[in-house]
Amino acid sequence: MGVKTDLETAQPNAMKERASAAGEARQLAELRLLAIRGALGALGEAETAGKARVELSDAEQLAIVKKEVSKREQSAGIYDAAGEPERAANERAEADALREFLPAETSEVEIRAAVERIIAERGLAGQGGRAIGVVMAELKTQFENFDSRSASALVKELVA
């Protein structure tokens with residue numbers, strides 16, 4: 001069962017939740033529903049982007065939902081910089097709602113152990129840019145969901 005199916009199942013529940021909630025809970029339910037609809041829209045757009053409708057793999061669906069989370073995080077940062085904390089909080093709430101549909105992110109401890117092991121096994125210490133690409137490619141095959149920015153910074157630190 002893919003992320004799209006999970007989102008499609010969650011949408012009517014989110015609509016019911018929004019209808020029955022009041023006050024701040026209603027606002028959070030509204031943001032959750034907006035996030036779900038946005039992600040479903042992005043998935044639908046990806047399916048129909050070419051000449052023929054395509055069925056997205058689970059990995060492609062995950063990538064699209066991750067991108068939607070990233071967009072909302074970037075928007076929150078922009079709103080923070082513009083002095084709009086309420087809008088930033090709304091964007092973060094939507095990002096959090098979408099994270100519920102993603103697999104749990106691999107911990108930093110697990111990533112560090114894997115990076116150290118890969119560097120040692122492949123003899124990549126002191127090789128700089130080449131090592132970063134090799135280690136990141138290996139991490140992508142080992143872990144389904146991890147923070148690639150922090151992993152990349154860790155690799156730079158360890159291969160220097």
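All heavy atoms count here, side chains included; hydrogens, waters and symmetry mates do not. Everything quoted here is computed from the prediction, not taken from an experiment.
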State plainly whether one hydrophobic cluster holds both [X] and [Y], where clusters connect Ile, Leu, Val, Met, Phe, Trp and Tyr through side-chain heavy atoms under 4.5 angstrom apart.
| X | Y | answer |
| --- | --- | --- |
| Leu31 | Leu33 | no |
| Tyr79 | Leu98 | no |
| Ile132 | Phe143 | yes |

Minimum-distance pair of heavy atoms, taken over all atoms of [X] and [Y]:
| X | Y | value |
| --- | --- | --- |
| Ala46 | Val54 | O-CG2, 4.1 Å |
| Ala97 | Ala35 | CB-CB, 4.2 Å |
| Ala114 | Gln142 | CB-OE1, 3.9 Å |
| Leu7 | Ala39 | CD1-CB, 3.8 Å |

How long is the gap from [atom1] on [X] to [atom2] on [Y], to the nearest 0.5 Å?
| X | Y | atom1 | atom2 | answer |
| --- | --- | --- | --- | --- |
| Gln11 | Met15 | CD | CE | 6.5 Å |
| Leu34 | Glu91 | CG | CD | 9.5 Å |
| Ile78 | Arg87 | CD1 | CZ | 12.0 Å |
| Ile111 | Ser148 | CD1 | OG | 10.0 Å |
| Glu8 | Leu43 | CD | CG | 8.5 Å |
| Leu139 | Thr106 | CG | OG1 | 9.0 Å |

Side chains of residues 22-29: which donor-acceptor partners sit under 3.5 Å, not counting sequence neighbours?
from: Arg26; atom 1: NH1; to: Arg18; atom 2: O; distance (Å): 2.7
from: Gln27; atom 1: NE2; to: Asn90; atom 2: OD1; distance (Å): 3.4

Just by distance, do the side chain of Ser152 and the backbone of Arg149 share a donor-acceptor pair under 3.5 Å? no
Side chain of Thr9, backbone of Thr5: donor and acceptor closer than 3.5 Å? yes
Exactly one of Glu55, Glu60, Gln61 clears side chain to side chain contact (heavy atoms under 4.5 Å, CB included) with Ser57, and that residue is Glu60
Original post:
Would one find more than 12 heavy atoms of other residues, nucleotides or ligands at under 6.0 Å from atom CD of Glu105?
Top reply: yes
Subject >> Glu45 CD: over 12 foreign heavy atoms closer than 6.0 Å >> reply: no
So, are [X] and [Y] salt-bridged, with charged N and O less than 4.0 Å apart?
| X | Y | value |
| --- | --- | --- |
| Asp58 | Lys4 | no |
| Glu121 | Arg117 | yes |
| Glu94 | Arg32 | no |

Only residue of Glu108, Glu110, Glu116 satisfying salt bridge (Lys or Arg N to Asp or Glu O under 4.0 Å) with Arg112 is Glu116
